[in-house]
Amino acid sequence: MVIRWGIIGCGNISEQFATCLEPLEKAELVAVASQTPGKAEQFASKFGHPKAYTSYQDLVKDTQVDVVYIGTTHNFHHDHTMLALNNEKHVLCEKPISLNARLAQEMFDLAGNRNLFLMEAVWTRFHPATLKMVELVKAGTIGEVFTVQADFSIIRAFDPKHRLYNPELGGGALLDLGIYPLTFAHLVYEEFPKSFKTSAVLGKSGVDETSAYLLEYEGGKTAVLSSSCRSSSPHLGLVIGSKGYMSVHDFFHPQELFIRSLDSDEQHLKLPYDLLGYGPEAEEVMRCLEAGLLESPLMPRATSIEMMKLMDSFRAEWGMKYPNE
(Lines give C-alpha, C1' and ligand atoms only; values in the text may rest on other atoms or scores of the structure.)
Protein backbone atom coordinates (compact mmCIF):
# COMPACT_ATOMS: atom_id res chain seq x y z
CA MET A 1 0.00 0.00 0.00
CA VAL A 2 1.49 3.31 -1.11
CA ILE A 3 0.63 6.36 1.00
CA ARG A 4 0.50 9.53 -1.08
CA TRP A 5 1.74 12.66 0.68
CA GLY A 6 1.11 16.34 0.17
CA ILE A 7 3.12 19.07 1.90
CA ILE A 8 1.78 22.47 2.91
CA GLY A 9 4.59 24.97 3.42
CA CYS A 10 7.90 24.69 1.58
CA GLY A 11 10.39 25.87 4.19
CA ASN A 12 13.45 24.16 5.62
CA ILE A 13 11.61 21.73 7.89
CA SER A 14 9.35 20.61 5.05
CA GLU A 15 12.40 20.08 2.86
CA GLN A 16 13.99 17.86 5.50
CA PHE A 17 10.73 15.96 5.87
CA ALA A 18 10.49 15.43 2.10
CA THR A 19 14.10 14.20 2.04
CA CYS A 20 13.20 11.59 4.66
CA LEU A 21 10.17 10.43 2.66
CA GLU A 22 12.27 9.57 -0.38
CA PRO A 23 13.80 6.28 0.89
CA LEU A 24 10.51 5.03 2.40
CA GLU A 25 9.09 2.32 0.13
CA LYS A 26 5.46 2.99 1.00
CA ALA A 27 5.68 6.78 0.71
CA GLU A 28 5.15 8.89 -2.38
CA LEU A 29 5.30 12.68 -2.45
CA VAL A 30 2.64 13.74 -4.98
CA ALA A 31 2.04 17.42 -4.25
CA VAL A 32 3.54 20.45 -2.50
CA ALA A 33 2.15 23.93 -1.94
CA SER A 34 3.51 27.36 -1.09
CA GLN A 35 1.90 30.77 -1.35
CA THR A 36 5.28 32.36 -2.07
CA PRO A 37 5.59 32.77 -5.86
CA GLY A 38 7.96 30.21 -7.37
CA LYS A 39 8.75 28.47 -4.10
CA ALA A 40 6.59 25.37 -4.65
CA GLU A 41 8.07 24.86 -8.11
CA GLN A 42 11.60 25.21 -6.76
CA PHE A 43 10.82 22.78 -3.93
CA ALA A 44 9.23 20.26 -6.30
CA SER A 45 12.28 20.32 -8.59
CA LYS A 46 14.35 18.83 -5.77
CA PHE A 47 12.01 15.88 -5.21
CA GLY A 48 11.10 14.37 -8.55
CA HIS A 49 8.70 17.13 -9.61
CA PRO A 50 5.50 16.40 -7.68
CA LYS A 51 2.62 18.75 -8.44
CA ALA A 52 3.41 22.28 -7.28
CA TYR A 53 0.51 24.40 -6.08
CA THR A 54 0.39 28.09 -5.20
CA SER A 55 -2.85 27.51 -3.29
CA TYR A 56 -3.26 25.32 -0.20
CA GLN A 57 -6.91 24.92 -1.16
CA ASP A 58 -5.88 23.33 -4.46
CA LEU A 59 -3.56 20.88 -2.72
CA VAL A 60 -6.15 19.63 -0.23
CA LYS A 61 -8.67 19.17 -3.05
CA ASP A 62 -6.24 16.97 -4.97
CA THR A 63 -7.79 13.49 -4.97
CA GLN A 64 -4.37 11.86 -5.25
CA VAL A 65 -3.28 13.16 -1.83
CA ASP A 66 -3.96 10.80 1.10
CA VAL A 67 -2.24 12.63 3.94
CA VAL A 68 -0.97 16.17 4.36
CA TYR A 69 2.13 17.26 6.26
CA ILE A 70 1.74 20.76 7.71
CA GLY A 71 5.14 22.46 7.83
CA THR A 72 4.10 26.10 8.21
CA THR A 73 4.77 28.33 11.23
CA HIS A 74 2.93 27.74 14.53
CA ASN A 75 0.32 30.44 14.00
CA PHE A 76 -1.00 28.69 10.86
CA HIS A 77 -1.16 25.12 12.20
CA HIS A 78 -4.80 25.35 13.26
CA ASP A 79 -6.12 26.91 10.05
CA HIS A 80 -4.11 24.70 7.69
CA THR A 81 -5.00 21.53 9.58
CA MET A 82 -8.70 22.44 9.63
CA LEU A 83 -8.51 23.14 5.87
CA ALA A 84 -7.05 19.69 5.22
CA LEU A 85 -9.47 17.88 7.53
CA ASN A 86 -12.46 19.67 6.01
CA ASN A 87 -11.32 18.28 2.66
CA GLU A 88 -11.10 14.70 3.98
CA LYS A 89 -7.31 14.54 4.27
CA HIS A 90 -5.42 12.84 7.07
CA VAL A 91 -2.89 15.17 8.71
CA LEU A 92 0.55 15.13 10.29
CA CYS A 93 1.03 18.61 11.77
CA GLU A 94 4.35 19.96 13.00
CA LYS A 95 4.71 20.69 16.68
CA PRO A 96 3.32 22.51 18.52
CA ILE A 97 -0.02 21.25 17.24
CA SER A 98 -1.43 24.77 17.70
CA LEU A 99 -0.94 27.96 19.72
CA ASN A 100 -3.10 26.79 22.63
CA ALA A 101 -5.21 23.91 23.96
CA ARG A 102 -8.52 25.41 22.80
CA LEU A 103 -7.40 25.41 19.19
CA ALA A 104 -5.88 21.94 19.54
CA GLN A 105 -9.17 20.61 20.86
CA GLU A 106 -11.00 22.05 17.85
CA MET A 107 -8.58 20.30 15.52
CA PHE A 108 -8.87 16.90 17.18
CA ASP A 109 -12.65 17.23 17.50
CA LEU A 110 -12.95 17.80 13.75
CA ALA A 111 -10.62 14.88 12.99
CA GLY A 112 -12.70 12.62 15.24
CA ASN A 113 -15.99 13.75 13.74
CA ARG A 114 -14.71 13.07 10.24
CA ASN A 115 -12.95 9.79 11.12
CA LEU A 116 -9.61 11.16 10.01
CA PHE A 117 -6.10 10.63 11.35
CA LEU A 118 -4.43 13.64 12.97
CA MET A 119 -1.09 13.51 14.77
CA GLU A 120 1.29 16.10 16.15
CA ALA A 121 4.78 15.71 14.69
CA VAL A 122 6.99 15.56 17.79
CA TRP A 123 9.76 13.64 16.05
CA THR A 124 11.77 12.72 19.15
CA ARG A 125 8.98 10.39 20.29
CA PHE A 126 9.69 8.01 17.40
CA HIS A 127 13.47 7.69 17.37
CA PRO A 128 14.89 4.24 18.19
CA ALA A 129 16.97 5.54 21.11
CA THR A 130 13.93 7.24 22.61
CA LEU A 131 11.86 4.07 22.37
CA LYS A 132 14.72 2.08 23.92
CA MET A 133 15.00 4.56 26.78
CA VAL A 134 11.29 4.18 27.55
CA GLU A 135 11.62 0.38 27.39
CA LEU A 136 14.54 0.37 29.85
CA VAL A 137 12.78 2.72 32.26
CA LYS A 138 9.69 0.51 32.27
CA ALA A 139 11.86 -2.56 32.83
CA GLY A 140 13.25 -1.00 36.01
CA THR A 141 16.82 -0.93 34.71
CA ILE A 142 17.67 2.05 36.92
CA GLY A 143 15.04 1.36 39.55
CA GLU A 144 12.29 3.83 40.41
CA VAL A 145 12.84 7.11 38.61
CA PHE A 146 12.57 10.22 40.76
CA THR A 147 14.35 12.95 38.78
CA VAL A 148 14.51 13.96 35.11
CA GLN A 149 16.76 16.74 33.85
CA ALA A 150 16.81 18.15 30.31
CA ASP A 151 17.65 21.39 28.54
CA PHE A 152 17.21 22.34 24.91
CA SER A 153 18.87 25.60 23.99
CA ILE A 154 20.18 27.00 20.73
CA ILE A 155 21.72 30.33 19.76
CA ARG A 156 19.75 32.44 17.31
CA ALA A 157 20.61 36.10 16.84
CA PHE A 158 17.70 38.37 17.66
CA ASP A 159 15.53 39.10 14.67
CA PRO A 160 11.99 40.34 15.39
CA LYS A 161 10.78 38.82 12.11
CA HIS A 162 12.17 35.32 12.78
CA ARG A 163 9.67 32.69 13.94
CA LEU A 164 11.54 32.24 17.25
CA TYR A 165 11.12 35.91 18.18
CA ASN A 166 7.98 37.01 16.34
CA PRO A 167 4.81 36.81 18.50
CA GLU A 168 2.67 36.95 15.35
CA LEU A 169 4.22 33.57 14.40
CA GLY A 170 3.81 32.01 17.85
CA GLY A 171 7.43 32.68 18.77
CA GLY A 172 9.32 32.04 21.97
CA ALA A 173 11.51 29.32 23.42
CA LEU A 174 8.66 27.42 25.08
CA LEU A 175 6.55 26.37 22.10
CA ASP A 176 9.44 25.86 19.71
CA LEU A 177 12.15 24.44 21.99
CA GLY A 178 10.72 23.82 25.45
CA ILE A 179 8.30 21.25 24.12
CA TYR A 180 11.25 18.87 23.67
CA PRO A 181 12.44 18.68 27.31
CA LEU A 182 8.78 18.62 28.37
CA THR A 183 8.25 15.69 26.03
CA PHE A 184 11.38 13.99 27.38
CA ALA A 185 9.95 14.16 30.92
CA HIS A 186 6.56 12.92 29.76
CA LEU A 187 8.14 9.96 28.00
CA VAL A 188 9.83 8.94 31.25
CA TYR A 189 6.94 9.50 33.66
CA GLU A 190 4.00 8.93 31.27
CA GLU A 191 1.99 11.50 33.22
CA PHE A 192 1.70 15.25 33.53
CA PRO A 193 2.79 17.15 36.64
CA LYS A 194 0.47 17.91 39.54
CA SER A 195 2.18 21.25 40.15
CA PHE A 196 4.93 23.42 38.69
CA LYS A 197 7.04 26.51 39.11
CA THR A 198 8.35 28.37 36.09
CA SER A 199 10.35 31.44 35.19
CA ALA A 200 10.84 33.23 31.90
CA VAL A 201 12.87 36.07 30.46
CA LEU A 202 10.66 37.94 28.01
CA GLY A 203 12.65 39.76 25.36
CA LYS A 204 12.15 42.91 23.31
CA SER A 205 9.49 41.31 21.14
CA GLY A 206 7.49 40.08 24.13
CA VAL A 207 8.15 36.34 23.84
CA ASP A 208 10.16 34.12 26.17
CA GLU A 209 13.76 33.99 25.02
CA THR A 210 14.70 31.79 27.96
CA SER A 211 12.37 29.78 30.19
CA ALA A 212 12.74 27.16 32.92
CA TYR A 213 10.25 24.67 34.37
CA LEU A 214 10.35 22.82 37.68
CA LEU A 215 7.68 20.12 37.60
CA GLU A 216 6.43 18.02 40.51
CA TYR A 217 4.63 14.71 40.01
CA GLU A 218 2.82 12.28 42.26
CA GLY A 219 5.09 10.45 44.68
CA GLY A 220 7.62 13.27 44.96
CA LYS A 221 9.03 12.82 41.47
CA THR A 222 10.45 15.92 39.78
CA ALA A 223 11.66 17.24 36.44
CA VAL A 224 14.07 20.14 36.05
CA LEU A 225 13.78 21.46 32.51
CA SER A 226 14.72 24.54 30.49
CA SER A 227 15.00 26.02 27.02
CA SER A 228 16.47 29.09 25.38
CA CYS A 229 17.09 30.65 21.99
CA ARG A 230 19.84 32.93 23.35
CA SER A 231 22.34 30.29 24.49
CA SER A 232 23.59 26.86 23.48
CA SER A 233 23.64 23.56 25.36
CA PRO A 234 24.58 19.91 24.65
CA HIS A 235 20.90 18.87 24.81
CA LEU A 236 21.62 16.27 27.46
CA GLY A 237 18.74 14.32 28.93
CA LEU A 238 19.30 12.67 32.31
CA VAL A 239 17.04 10.12 34.01
CA ILE A 240 17.92 9.40 37.64
CA GLY A 241 16.56 6.43 39.52
CA SER A 242 16.96 4.52 42.79
CA LYS A 243 19.41 2.05 41.19
CA GLY A 244 21.38 4.30 38.85
CA TYR A 245 20.96 6.72 36.02
CA MET A 246 20.56 6.91 32.26
CA SER A 247 21.86 9.71 30.06
CA VAL A 248 20.73 10.48 26.53
CA HIS A 249 23.36 12.45 24.66
CA ASP A 250 21.58 15.03 22.50
CA PHE A 251 17.99 13.92 23.11
CA PHE A 252 16.99 16.08 20.10
CA HIS A 253 18.97 13.71 17.85
CA PRO A 254 19.17 10.69 20.19
CA GLN A 255 21.49 7.95 18.98
CA GLU A 256 23.28 6.87 22.15
CA LEU A 257 22.24 5.78 25.64
CA PHE A 258 24.57 5.51 28.63
CA ILE A 259 23.24 3.39 31.49
CA ARG A 260 24.88 3.14 34.88
CA SER A 261 23.13 0.71 37.23
CA LEU A 262 23.99 -0.85 40.57
CA ASP A 263 22.90 -4.20 39.12
CA SER A 264 25.22 -4.32 36.10
CA ASP A 265 28.24 -2.85 34.38
CA GLU A 266 27.96 0.47 32.57
CA GLN A 267 26.22 0.07 29.21
CA HIS A 268 26.69 2.16 26.11
CA LEU A 269 23.99 1.54 23.52
CA LYS A 270 24.22 2.94 19.99
CA LEU A 271 20.96 3.22 18.07
CA PRO A 272 21.74 5.20 14.89
CA TYR A 273 19.22 6.50 12.37
CA ASP A 274 19.10 9.04 9.56
CA LEU A 275 20.20 12.30 11.18
CA LEU A 276 17.42 14.26 9.49
CA GLY A 277 15.19 12.16 11.68
CA TYR A 278 11.71 12.61 10.17
CA GLY A 279 11.50 9.10 8.71
CA PRO A 280 10.39 7.29 11.91
CA GLU A 281 7.41 9.60 12.47
CA ALA A 282 6.37 9.35 8.80
CA GLU A 283 6.56 5.56 9.05
CA GLU A 284 4.38 5.65 12.15
CA VAL A 285 1.74 7.70 10.31
CA MET A 286 1.71 5.22 7.44
CA ARG A 287 1.57 2.25 9.81
CA CYS A 288 -1.47 3.77 11.51
CA LEU A 289 -3.20 4.55 8.22
CA GLU A 290 -2.64 1.00 6.99
CA ALA A 291 -4.07 -0.32 10.24
CA GLY A 292 -7.08 1.98 10.09
CA LEU A 293 -6.08 3.83 13.27
CA LEU A 294 -7.19 7.41 13.86
CA GLU A 295 -4.37 8.15 16.31
CA SER A 296 -0.96 6.79 17.15
CA PRO A 297 -0.37 5.03 20.47
CA LEU A 298 3.07 6.72 20.49
CA MET A 299 1.57 10.22 20.09
CA PRO A 300 -2.08 10.09 21.19
CA ARG A 301 -4.43 13.03 20.86
CA ALA A 302 -4.90 13.39 24.61
CA THR A 303 -1.17 13.83 25.11
CA SER A 304 -1.03 16.68 22.59
CA ILE A 305 -3.95 18.45 24.25
CA GLU A 306 -2.57 18.03 27.77
CA MET A 307 0.83 19.30 26.64
CA MET A 308 -0.80 22.41 25.19
CA LYS A 309 -2.74 22.94 28.44
CA LEU A 310 0.50 22.74 30.41
CA MET A 311 2.25 25.27 28.17
CA ASP A 312 -0.85 27.50 28.28
CA SER A 313 -0.52 27.50 32.08
CA PHE A 314 3.14 28.48 31.88
CA ARG A 315 2.41 31.40 29.57
CA ALA A 316 -0.47 32.52 31.79
CA GLU A 317 2.01 32.80 34.69
CA TRP A 318 4.25 34.99 32.53
CA GLY A 319 1.40 37.12 31.17
CA MET A 320 2.44 36.10 27.67
CA LYS A 321 -0.36 35.92 25.10
CA TYR A 322 -0.12 35.79 21.34
CA PRO A 323 -1.94 38.52 19.38
CA ASN A 324 -3.73 35.99 17.16
CA GLU A 325 -4.95 33.61 19.87
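Because the structure is a prediction, the values reported are computed rather than measured.
Ring centers of Phe196 and Tyr213: at least 6.0 Å apart, outside the cut-off.
Using a 4.0 Å cut-off between a side-chain N of Lys or Arg and a carboxylate O of Asp or Glu, Glu283 and Arg287 do not qualify as a salt bridge. Taking 4.0 Å as the cut-off between side-chain N and carboxylate O, Arg4 and Glu28 do not count as a salt-bridged pair. Using a 4.0 Å cut-off between charged nitrogen and carboxylate oxygen, Glu281 and Arg125 do not count as a salt-bridge pair. The residues Lys61 and Asp58 are annotated as not salt-bridged, no charged nitrogen and carboxylate oxygen being separated by less than 4.0 angstrom.
The 12-atom threshold is not exceeded at CD of Glu144, counting heavy atoms of other residues, nucleotides or ligands nearer than 6.0 Å.
Hydrophobic clustering (ILVMFWY, side-chain heavy atoms < 4.5 Å, transitive): Leu169 and Met320 are in distinct clusters. Leu294 and Leu298 fall into different hydrophobic clusters, where Ile, Leu, Val, Met, Phe, Trp and Tyr are joined by side-chain heavy atoms under 4.5 Å apart, directly or via other members. Taken together through direct or relayed side-chain contacts under 4.5 Å among Ile, Leu, Val, Met, Phe, Trp and Tyr, Met1 and Leu29 form part of one hydrophobic cluster. Note on Phe117: it clusters hydrophobically with Phe126, by side-chain heavy-atom contacts below 4.5 Å among ILVMFWY residues. Connection of Leu236 to Leu225 is not established within any shared hydrophobic cluster, with ILVMFWY side chains joined at heavy-atom distances below 4.5 Å, either directly or through further cluster members.
Within the structure, every pair that satisfies the side chain to side chain donor-acceptor pair (under 3.5 Å) test and touches residues 166-180, not counting sequence neighbours, is listed here: His74-Asp176, Arg163-Asp176. Pairs engaging residues 71-84 under the salt bridge (charged side-chain N to carboxylate O under 4.0 Å, His left out) rule: none recorded [sequence neighbours left out]. Among pairs with a residue in residues 4-28, those fulfilling ring-ring contact (aromatic ring centres under 6.0 Å, His included) read Trp5-Phe17, Phe17-Tyr69, at least two apart in sequence or across chains. Within the structure, salt bridge (charged side-chain N to carboxylate O under 4.0 Å, His left out) pairs that include any residue of residues 242-259 comprise Lys243-Asp263 (at least two apart or interchain). Legend: salt bridge (charged side-chain N to carboxylate O under 4.0 Å, His left out) pairs involving residues 18-27, not counting sequence neighbours, sorted by first then second residue: Lys26-Glu290. Judged as a salt bridge (charged side-chain N to carboxylate O under 4.0 Å, His left out), the pairs with a partner in residues 36-46 (not counting sequence neighbours) are, in order, Glu15-Lys46. Residue pairs meeting the ring-ring contact (aromatic ring centres under 6.0 Å, His included) criterion with at least one partner in residues 93-115, sequence neighbours excluded, are absent.
No donor-acceptor pair under 3.5 Å is formed between the side chain of Glu209 and the backbone N or O of Arg230. A donor-acceptor contact shorter than 3.5 Å is absent between the side chain of Arg102 and the backbone of Glu325. No donor-acceptor pair under 3.5 Å is formed between the side chain of Ser34 and the backbone N or O of Ala40. Side chain of Lys89 to main chain of Leu83: no donor-acceptor pair is present (N/O by atom type, distance under 3.5 Å, no hydrogens or angles). Without hydrogens or angle criteria, Asp208 side chain to Ala200 main chain gives no donor-acceptor distance under 3.5 Å. At least one donor-acceptor pair closer than 3.5 Å links the side chain of Thr183 to the backbone N or O of Ile179. Put simply, the side chain of Ser205 gets close to the backbone of Tyr165: a donor and an acceptor are under 3.5 Å apart. His77 places no side-chain N or O within 3.5 Å of a backbone atom of Cys93 that could act as its donor or acceptor partner. Using modelled atom types, no side-chain atom of Tyr273 and backbone atom of Tyr278 make a donor-acceptor pair closer than 3.5 Å.
At a threshold of 4.5 Å between non-hydrogen side-chain atoms, the residues Leu110 and Met82 count as touching. You'll find the side chain of Asp66 stays beyond 4.5 Å of the side chain of Val30, heavy atoms only. Residues Pro160 and Lys204 have side chains not in contact (no heavy-atom distance under 4.5 Å, counting atoms from C-beta outward). Contact annotation: the side chain of Leu269 approaches that of Leu136 to within less than 4.5 Å [non-hydrogen atoms, C-beta and beyond]. The shortest side-chain heavy-atom distance between Ile70 and Glu94 does not fall under the 4.5 Å cut-off. The shortest side-chain heavy-atom distance between Ile142 and Ile259 falls under the 4.5 Å cut-off. Contact of the His186 side chain with the Glu306 side chain is not registered, since no non-hydrogen atoms from C-beta on lie closer than 4.5 Å. With contacts defined as side-chain heavy-atom distances shorter than 4.5 Å, the pair Phe47/Leu21 does not qualify.
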- Message: Could you go through Asn75 and Tyr322, starting from their C-alpha distance and side-chain angles, then the distance that decides it, and tell me whether this counts as side-chain contact (heavy atoms from CB on, under 4.5 Å)?
- Response: CA-CA 9 Å; Asn75 56 307; Tyr322 295 114; over 6 Å; no
- Task: Please test Val122 against Thr303 for side-chain contact (heavy atoms from CB on, under 4.5 Å), starting from the C-alpha separation and ending with a verdict.
- Result: CA-CA 11 Å; Val122 186; Thr303 296; over 6 Å; no
- Verify side-chain contact (heavy atoms from CB on, under 4.5 Å) between Asn86 and Val60, making sure each step is shown before the conclusion. CA-CA 9 Å; Asn86 276 316; Val60 297; over 6 Å; no
- Message: Using side-chain contact (heavy atoms from CB on, under 4.5 Å), reason through Thr72 and Ile8 one step at a time and then give a plain yes or no.
- Response: CA-CA 7 Å; Thr72 49; Ile8 285 180; 4.0 Å; yes
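Atom CE of Met311 is separated from atom OG1 of Thr198 by 13.0 Å, given to the nearest 0.5 angstrom. One finds the CZ atom of Phe314 at 5.0 Å from the CG atom of Leu215 (value rounded to the nearest 0.5 Å). The CD atom of Gln105 sits 11.0 Å away from atom OG of Ser304, with the distance rounded to the nearest 0.5 Å. Note that the CE atom of Met286 and the NE2 atom of His90 stand 13.5 Å from one another [nearest 0.5 Å]. For the atom pair Trp123 CH2 and Leu92 CG, the distance stands at 13.0 Å (nearest 0.5 Å). Atom-to-atom distance recorded for Glu120:CD and Lys95:NZ is 9.0 Å, nearest 0.5 angstrom.
Under the side-chain hydrogen bond (donor to acceptor under 3.5 Å, both in side chains) criterion, Lys321 pairs with no residue at all, not counting sequence neighbours. In this view, Glu135 and Lys132 satisfy the salt bridge (charged side-chain N to carboxylate O under 4.0 Å, His left out) rule, not counting sequence neighbours. Every residue two or more places apart in sequence or in another chain that forms a side chain to side chain contact (heavy atoms under 4.5 Å, CB included) with Thr130 is listed here: His127, Leu187, Pro254.
Here the closest non-hydrogen pair linking Val91 and Ala84 is CG2-CB, 3.6 Å. Heavy-atom minimum distance, Leu99 versus Gly170: CD2-CA, 3.7 Å. Looking at every heavy atom in both residues, Ser211 comes nearest to Trp318 through CB-CH2, 3.5 Å.
If you chain together ILVMFWY residues whose side-chain heavy atoms come under 4.5 Å of each other, Val224 ends up grouped with Leu214. Within the hydrophobic cluster formed by Ile, Leu, Val, Met, Phe, Trp and Tyr side chains joined at under 4.5 Å, directly or through other members, Leu238 is accompanied by Phe146, Ile240, Tyr245.
When only modelled atom types and interatomic distance are considered, Ser153 and Ser228 share no side-chain donor-acceptor pair under 3.5 Å.
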